[in-house]
Structure formats: C-alpha cells, structure tokens
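Just so it is clear: chains get the letters A, B, ... in the order the sequence lines come, proteins before strands, and each one is counted from 1. Only this structure's heavy atoms are used, side chains among them; waters, hydrogens and symmetry mates stay out.
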2 protein chains.
Amino acid sequence: MISVFIVDDHPVVIEGIHSLLQNEKDITWMGQAMNAQSCLGFFVNNTADVVLMDISMPGMDGVELCAVMKEKYPGIMILGLSTFNQGLYIKKMVEHGASGYILKNSSKEELIKAIHAVHKGYMYFSGEVGMALQEYQRTEKELPVLTAREKEILELIAQGYTNPQIAEKIFLSSFTVDSHRKNLLAKLGVKNTASLIRLAVEKKMI
Amino acid sequence: MISVFIVDDHPVVIEGIHSLLQNEKDITWMGQAMNAQSCLGFFVNNTADVVLMDISMPGMDGVELCAVMKEKYPGIMILGLSTFNQGLYIKKMVEHGASGYILKNSSKEELIKAIHAVHKGYMYFSGEVGMALQEYQRTEKELPVLTAREKEILELIAQGYTNPQIAEKIFLSSFTVDSHRKNLLAKLGVKNTASLIRLAVEKKMI
DNA sequence: GGCGGAATCACTGTTTCGGGTGATAACGAG
DNA sequence: CTCGTTATCACCCGAAACAGTGATTCCGCC
C-alpha cells in the first residue's frame, strides 16, 4: 500500500489525479495542498510515501519545496509534475532530491507506474526527457571507485601535465600512464580530457 | 583612527611592535594575545580594525586562527607576521582570508604602511615574496574578461565536444573554433584543455 | 577617420590524445 | 589454487589538440 499526497495550485489537476487513483487498490489518497505552506503544515502531523509536486507554484515553487521536504523528511519520495518538458527545472528538482518527474497529461498507466517506481526507490522520467536524465543520474550517483594510482594520475592530468610528463614525474612508462588515463575515461564514462576534468572537479575528486 | 590587536607567542615581538606603534596618532593599541584561545576570548567582548597575527604559534596556528576569525568577524583585517619567508604558510593564510603579510624585522615605516593598506582593503606583502603573491592574487581575483563567444565555446569544450563538433553546432569553421580555443588558453594562462577546464570549473565560469 | 579588439577563416606542422588489442606480474579473496 | 583486479608495459593508427603565422571584416571609441 502506497500513500500519496499531492501539491498543486490547480484544482483541476488535483481532481483529475485523484479520480485516476481512487480505484487503485494499493494506493491510498492522503490528501492535497494547493501551496507550499499548506503542504508543510500537513506533514507536521501526517506523512506519505510519495508526494506528487507541481514544479511551478505561487510563492515557494516546487524546487524549493522539494529541497525543504527532502531536508525534513528524506524518506518521502517526490515526483515532479509539470505540463510540459521544462528541462532546467526538472534537473533542479532532481538535484534537490526529487526522484523523478511526469507530465500532467500522462496516462493513468504511466502515472501509476511512476508512483510505484519512485516508491521502490527508482527514478522515473516521463517522455523524451527520460533518457537524458537517466544518464544524468548515472553519473550523479554511481561514481566508480578509483584506485590510488588512478587518482594520482587524474590529479596530475588536472594540473596540466601530459602523459610523457606524468610518466617522467612518477617514474613510469608513458604507455602505462596512457593506460591509466584510458581507464579513467572508461570508468567515469566520459569521452575526453575536457569532460573528465569537469566531472572530477565538480564531484570534488581532485 | 585604526585600532590594532596583536597575536604572537613571543613577548619580545609584542613589545617591539607596541613600542613602534605607540607614538602613531592614528593607531590605537587594543591589546594583545599570546595564543589563539586568548585572542578569540578577547574578540567576544571587543573588536579591532586590524589584527597582526603570528603564523606559527603553539596550539592553533595562525592559518587556523585566521580562518576562524574571518568566519566570525569578516570585517576584521588580518596581517600575517613571520620571521622569515615561508611562502606556503603565507599562501595558506591568504587563502583563509588574511589581507597580507609582513616580516617581523620590517621597518617602522613598512609596518605602518602595511597596517594602513590592509585597513583600506588592499593587500600588502613584505619583501621579495611580495611579487610572487601579488601574482597569485592576480590570477586569483582578476580573472580576464572573456567575450561572449569565448564563454560559449568554453562551455561546449567543457561538455566534451571537439573543435569540429563545436564548429558544426554553432555554424563556424573549425579553424575559428580553434582560434577561440587558443585565445582561451592564452587569456587564462593555461597550457592545455585539462587545466583550462579545471580553472573554468573552479572559478565557476561554466 | 584611424585604431584596437572581436570574430571570422586559413594553412602547416608537431605533439598529444584516444581506441583497440594484448601481454605479464603481483596480490588478495574465495 | 584459481580468479579477478591492479599495475605495469607495448604497439598501431587516426583524430584531436597545440603552436605559429597571417589575413579580413566589423564595430565602437577617441
């Protein structure tokens, strides 16, 4: 049984989703809020497994509310709601802890599929934005473990040394350095030095 | 009128600087501390415009104390004190918010000049380390201005695109993209893509 | 109305990177 | 004792990056 709460400033959306879900045996309708304050008020004395949350709302928007909710109740899964593909906001919501995103005109099947997915801890993304963001998540969470040697060489690459220079510096063959470098690219799933260093700096690996 | 406080574990240094400053009309002697704890205690109920701070002290050293002080009282200017040119520590102190550095055997004139300089918000560096650190500051704060085109191409490089790919994407010749790329390397004073991207990410240019 | 910077394009090299493929030795875990 | 991983080294080859040099157009500024 999955308890669901919805936050959206459009009554018609609340009603629509409510009616879509009311006959689902394993989904319980916990309630609704039409703004961020009301939502936060609800969760003082109540809880839910999954929160469907509008991205754009008057006052505190979905991105902020998402951050606050995840801060207070990390166990609650948040699924973004929007009427169109707004890549930037989706990305921001995910960065602030949302587990996914669906379009408001999604089918009943997709809605239920998405609720189940995020409840189990998966990410769910609706429509064509899906693939791009799955990729984003991959690099976001599953950071491969680098060996000591790889970290050492990554550091030197970031400092601007070339393979031959690194080889001389740490007494290795430049072939070896090149091997490690290629392993770094493969492990981190990037295709060249530029994206390697960007990832490394952003993830504070160096 | 500039109020000055000093932190040093050597009484002779405190005395020496005190006597150098006692006849200065626009400088007020606020007091002294011989360790970090005592210094922090003083600033609970007092303040000062400029703090002369020894780099090496028993217990919490100048670098740490500097960080703590700047965290609590960002408006207080800190001037490092050391008996010799210890580049690494100076660099660290500056990174933690110090506004400069003088040698303990500086002349009275230099001491007063330095106090006035940091009080006005300038950096001050004593002796031959001066130049090196001014340089450090230059690359640290005075980031060259990039043109719109350069920023655009920098962004694309960071996303992992090659020159030919960028050229195709924004309808330019790959020669042109390469020109901009070389300008980026030259402007930012780096020698390859790795250090370019590292700098760009660390300085939040992308 | 010239001067400088930005933006564009062009050509020629050399060096480095990146893909693929494979080998050997050491070492720890099962 | 094998099996997987790490670390090492090796070679080929095409693509990309880097260095150097130079040219043209456009546009704002003094």
(request) Using heavy atoms to find the nearest nucleotide of DNA chain C for B:F175 and A:Q165 separately, return the residue whose nucleotide is more 5′. (result) B:F175

(request) Produce a footprint string for nucleotides 18-30 of chain C: one letter per nucleotide, 5' end first; B if the base is under 4.0 Å from any protein heavy atom, S if only the sugar-phosphate is, - if neither. (result) BBB----------

(request) Using the heavy-atom set of chain B and a strict 4.0 Å cut-off, write down the first and last nucleotide of DNA chain D that makes it in, 5' to 3'. (result) D:dA16 to D:dG20

(request) Measure the distance from CG on B:N183 to P on C:dG5 and round it to the nearest whole Å. (result) 12 Å

(request) State, yes or no, whether a side-chain contact exists between B:I170 and B:L156 at a heavy-atom distance under 4.5 Å. (result) yes

(request) Using modelled atom types only, decide if a donor and an acceptor are shared between the side chain of B:D49 and the backbone of B:S3 within a distance under 3.5 Å. (result) yes

(request) Locate the shortest heavy-atom distance separating A:A48 from A:M30; write the atom from each residue and the value. (result) CB-CG, 4.2 Å

(message) Taking any heavy-atom pair under 4.0 Å as a contact, classify A:T147: base, sugar-phosphate, or nothing.
(response) sugar-phosphate

(message) With a 3.5 Å distance limit and no angle check, can you tell me whether A:N192 reaches the backbone of A:S195 through a side-chain donor-acceptor pair?
(response) yes

(message) Tell me the interatomic distance from A:L196, atom CG, to C:dC17, atom C1', rounded to whole angstroms.
(response) 12 Å

(request) Could you tell me the separation between the CD1 atom of B:I157 and the C1' atom of C:dC17, rounded to a whole number of Å? (result) 15 Å

(request) Check the angle between the aromatic planes of B:F5 and B:F43 and answer parallel, tilted or perpendicular using the 30° and 60° thresholds. (result) perpendicular

(request) Would you mind reading off the distance between B:L172 atom CG and C:dA6 atom P, rounded to a whole angstrom? (result) 16 Å

(request) Kindly indicate whether the side chain of A:L81, heavy atoms from C-beta on, has any atom under 4.5 Å from the side chain of A:I102. (result) yes

(request) For the residue pair B:L40 and B:M69, establish whether any side-chain heavy-atom pair is separated by less than 4.5 Å. (result) yes

(request) Look at the side chain of B:E150 and the backbone N and O of B:T147, then say whether any donor-acceptor pair between them is shorter than 3.5 Å. (result) yes

(request) Look at all strands and tell whether A:S173 reaches a base, only sugar-phosphate, or nothing, counting heavy atoms closer than 4.0 Å. (result) sugar-phosphate

